2 protein chains.
Amino acid sequence: MLSQKTRYTIRALMHLADKYQQGLVPLTDIAEAQNIPAKFLTVILSEMSRAGLVVSQRGRDGGYELALPPVDISYGDIIRISRGSLALVPCASRFAHEKCKNCLEESNCRMRALMLKVRDETAAVLDRISLADPIDMGVMAEG
Amino acid sequence: MLSQKTRYTIRALMHLADKYQQGLVPLTDIAEAQNIPAKFLTVILSEMSRAGLVVSQRGRDGGYELALPPVDISYGDIIRISRGSLALVPCASRFAHEKCKNCLEESNCRMRALMLKVRDETAAVLDRISLADPIDMGVMAEG
DNA sequence: TGTTATGTCAACCATTGCGCTAGACAATGG
DNA sequence: CCATTGTCTAGCGCAATGGTTGACATAACA
């Protein structure tokens with residue numbers, strides 16, 4: 001599962017993508033529109049700022065905007081930055097690989113091989129779609 | 001991320017699949033071979049027993065075995081049973097749907113649509129592979 | 001019968017992580 | 001100078017996680 005914080009992050013960046021090139025968006029606007037606790041959002045946006053995904057301006061009429069065109073920010077990037085990895089287990093991460101606790105030798109761990117496959121499929125979806133892409137709502141039909 | 005418990009569950013069931021039709025496997029065998037704390041494993045296997053994935057026998061020479069042929073147990077099933085869902089957010093689960101906290105209306109939530117897509121891809125991988133399938137170790141090459 | 005080897009179960013416990021807030025500070029515009 | 005914005009570090013409370021304890025049930029076997 002994605003943490004609440006990661007979900008907030010995604011929604012906040014979606015919001016900024018919607019307002020791209022329309023000037024700075026103050027934090028409270030995002031918080032209200034997206035139903036995110038304002039104080040918590042400061043933590044989130046500061047992180048995104050440090051990560052280089054958004055730029056901020058302080059003082060009156062300050063706010064946030066995306067540091068890059070939405071097309072250059074994929075959902076994969078966002079989740080990797082916020083959560084560290086797309087994988088279901090630490091040892092199946094390609095960018096933030098870490099040994100799993102209480103596991104056996106990685107080199108012939110079948111669970112790891114399986115989870116790498118899942119990770120790669122996940123990445124195929126999430127890296128292909130950027131903040132600029134319209135999202136196909138069709139998938140919701142069957143749920 | 002999968003919880004440690006879910007990882008243990010998968011490895012324990014893999015172990016039982018390897019020993020399928022070779023008689024009952026005592027808990028301590030699994031615990032030792034798979035490096036899982038024995039007492040904790042009792043909790044896990046009891047759950048799997050209640051869920052109908054394994055059958056157990058008490059008393060001397062007792063132990064566990066899969067309740068079904070390995071081919072009839074997919075990794076998707078295991079994870080769903082252990083963790084409740086394959087999805088990255090509660091509202092994107094197809095079998096255990098739940099409203100996300102602090103979200104907006106689900107019906108036009110783009111994040112949900114995206115996460116449903118990811119869930120479906122994940123399910124496509126995990127439901128296709130069962131405990132009877134050899135796992136392709138090729139994916140590990142690039143990591 | 002009783003002893004030993006197993007699984008069952010409920011309760012509990014310690015630690016960690018998560019979600020979030022507090023509060024002091026910095027900078028920008030008017 | 002003051003109002004409005006973002007920045008930063010600390011910390012807090014709660015729930016979940018990972019795991020243990022210990023009493024109990026059951027089965028095989030001598």
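It should be emphasised that the depicted structure is a prediction, and the values quoted were computed from it without experimental measurement. Naming: A, B, ... by sequence-line order, numbering from 1 per chain.
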Q.
Heavy-atom nearest nucleotide on DNA chain D for L2(B) versus S46(A): which residue maps closer to 5'?
A. S46(A)

Q) For the pair made of CD in E47(B) and P in dG18(D), what is the distance, rounded to whole Å? A) 12 Å

Q) Can you tell which of dT5(D), dG18(D), dG19(C) lies closest to the side chain of K101(B)? A) dG19(C)

Q) Starting at the 5' end of DNA chain C, which residue's closest nucleotide do you reach first, N102(B) or V43(B)? A) V43(B)

Q | Side-chain heavy atoms of L116(B) within contact of R112(B), under 4.5 Å | A | yes

Q: Look at the side chain of F40(B) and decide which nucleotide, out of dT21(C), dT8(C), dT20(D), has an atom nearest to it.
A: dT20(D)

Q) Only one of C91(B), C103(B), C100(B) clears side chain to side chain contact (heavy atoms under 4.5 Å, CB included) with C109(B); which? A) C103(B)

Q. Between E65(B) (CD) and dG7(C) (C1'), how many Å, whole number?
A. 14 Å

Q. Between L86(A) and I129(A), is there a shared hydrophobic cluster once you connect ILVMFWY residues whose side-chain heavy atoms come closer than 4.5 Å?
A. yes

Q. If you look at every heavy atom in N35(B) and L104(A), which pair is closest and at what distance?
A. CB-CD2, 3.9 Å

(Q) Does dT8(C) have OP1 or OP2 under 4.0 Å away from a side-chain N or O of S56(B)? (A) yes

Q. Nearest-Å distance, CG (L27(B)) to P (dA25(D))?
A. 20 Å

Q. What nucleic acid atoms does L45(B) come within less than 4.0 Å of, heavy atoms only: base, sugar-phosphate, or nothing?
A. nothing

Q: Return the value, rounded to whole Å, for the distance between atom CG of L24(A) and atom P of dA27(C).
A: 17 Å

Q | Whole-Å distance separating the CD atom of E32(B) from the C1' atom of dT6(C) | A | 14 Å

Q: Please work out if R7(B) contacts a base, only the sugar-phosphate, or nothing of the nucleic acid, heavy-atom cut-off 4.0 Å.
A: nothing

**Q.** side-chain contact (heavy atoms from CB on, under 4.5 Å) between Q34(A) and R7(A), worked out
**A.** CA-CA 11 Å; Q34(A) 296 293 327; R7(A) 295 175 219 173; over 6 Å; no

Q | Rounded distance in Å - CD1 (I44(B)) to P (dC9(C)) | A | 15 Å

Q: Give the cluster check for V118(A) versus I81(B): same hydrophobic cluster or not, with ILVMFWY residues linked at side-chain heavy-atom distances below 4.5 Å.
A: yes

Q.
What is the separation between atom NZ on K5(B) and atom P on dG17(C), rounded to the nearest whole Å?
A. 19 Å

Q) So does S3(A) get a side-chain nitrogen or oxygen closer than 4.0 Å to the phosphate oxygens (OP1/OP2) of dC18(C)? A) no

Q) Are any non-hydrogen side-chain atoms of Y75(B) and L131(B) less than 4.5 angstrom apart? A) yes

Q) How long is the line joining OH of Y64(B) and C1' of dA5(C), in whole Å? A) 13 Å

Q: Answer yes if the side chains of T6(B) and S3(B) hold a donor-acceptor pair under 3.5 Å, and no otherwise.
A: yes

Q. With no angle test and no hydrogens, is the base of dG22(D) tied to the side chain of K39(B) by a donor-acceptor pair under 3.5 Å?
A. yes

Q: Would you indicate, yes or no, if dT17(D) has its OP1 or OP2 atom less than 4.0 angstrom from a side-chain nitrogen or oxygen of Y8(B)?
A: no

Distances under 3.5 Å only, N/O to N/O: pair up the protein atoms with those of nucleotides 27-30 of chain D.
from	atom 1	to	atom 2	distance (Å)
dA27(D)	N3	R60(B)	N	3.4

